[in-house]
Amino acid sequence: MPEPPTDLGPPGPPDYVAAQSSPEFAELRRSHRSFAFPLTVAFILWYLGYVLLSSYAGGFLAVQVFGHVNVAFLLGIAQFVTTFLIAWWYARHAATRLDPKAEAIKSRLEGDA
């Protein structure tokens, strides 16, 4: 009796629509959005607050804190610091919370293919 063929031809493409509608993908999206959206809104408000202060509160920003360093300089440096902190925090969040979920979805898709 001949053996059944083991080569069934090339695998079909992964079912991305089914993956996108899966509970795992919904959880991944929720995890990303619950972190990224509030942080984005907070940073935009912080940036716009700095811009508005520089436009309308020049006297406050000109206050000398020490030496030749004034409030405007400190807030400007704080903009850079918060940008780097947010980038670090997001990278840490992605590595610990998002990447494992995304890898599980990817493995399932590639296993089904």
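The basis for the numbers below is simple: all heavy atoms, side chains too, and nothing from hydrogens, waters or symmetry mates. FYI, the numbering just counts along the sequence from 1.
- Interatomic distance, K106 NZ to D99 CG, rounded to the nearest 0.5 Å: 10.5 Å.
- Residues V69 and L74 have side chains in contact (heavy-atom distance under 4.5 Å, counting atoms from C-beta outward).
- Closest heavy-atom contact between A94 and P100: O-CD, 4.2 Å.
- The shortest non-hydrogen separation linking A19 to R108 is CA-NH2, 4.4 Å.
- Taking 4.5 Å as the limit, some side-chain heavy atom of Q79 sits within range of a side-chain heavy atom of F43.
- Taking OH from Y47 and OG1 from T83, the interatomic distance works out to 10.0 Å, rounded to the nearest 0.5 Å.
- In this structure, the side chains of F37 and V41 stay at 4.5 Å or more apart for every pair of heavy atoms.
- Across L61 and S54, no two heavy atoms sit closer than the pair CD1-CA, 3.2 Å.
- Using a 30° and 60° split on the angle between ring planes, H93 and F35 fall in the parallel class, below 30°.
- By the criterion of side-chain heavy atoms lying less than 4.5 angstrom apart, applied directly or through intervening Ile, Leu, Val, Met, Phe, Trp or Tyr residues, F80 is not grouped with F73; the two fall into different hydrophobic clusters.
- Within 6.0 Å of CH2 in W46 there are more than 12 heavy atoms belonging to other residues, nucleotides or ligands.
- With values rounded to the nearest 0.5 angstrom, F60 atom CZ is found 6.5 Å from L75 atom CG.
- If you chain together hydrophobic residues whose side chains sit under 4.5 Å apart, V81 and V65 fall into the same group.
- Atom-to-atom distance recorded for L28:CG and R33:CZ is 10.0 Å, nearest 0.5 angstrom.
- Summarising the geometry, atom NE2 belonging to H32 is positioned 12.5 Å from atom NZ belonging to K101; distances are rounded to the nearest 0.5 Å.
- Taking OH of Y16 as the reference point, atom CD of Q20 lies at 12.0 Å (rounded to 0.5 Å).
- The environment of E27 atom CD is dense: over 12 non-hydrogen atoms of other residues, nucleotides or ligands sit within 6.0 angstrom.
- Counting heavy atoms from C-beta on, the side chains of Y90 and T40 never come closer than 4.5 Å.
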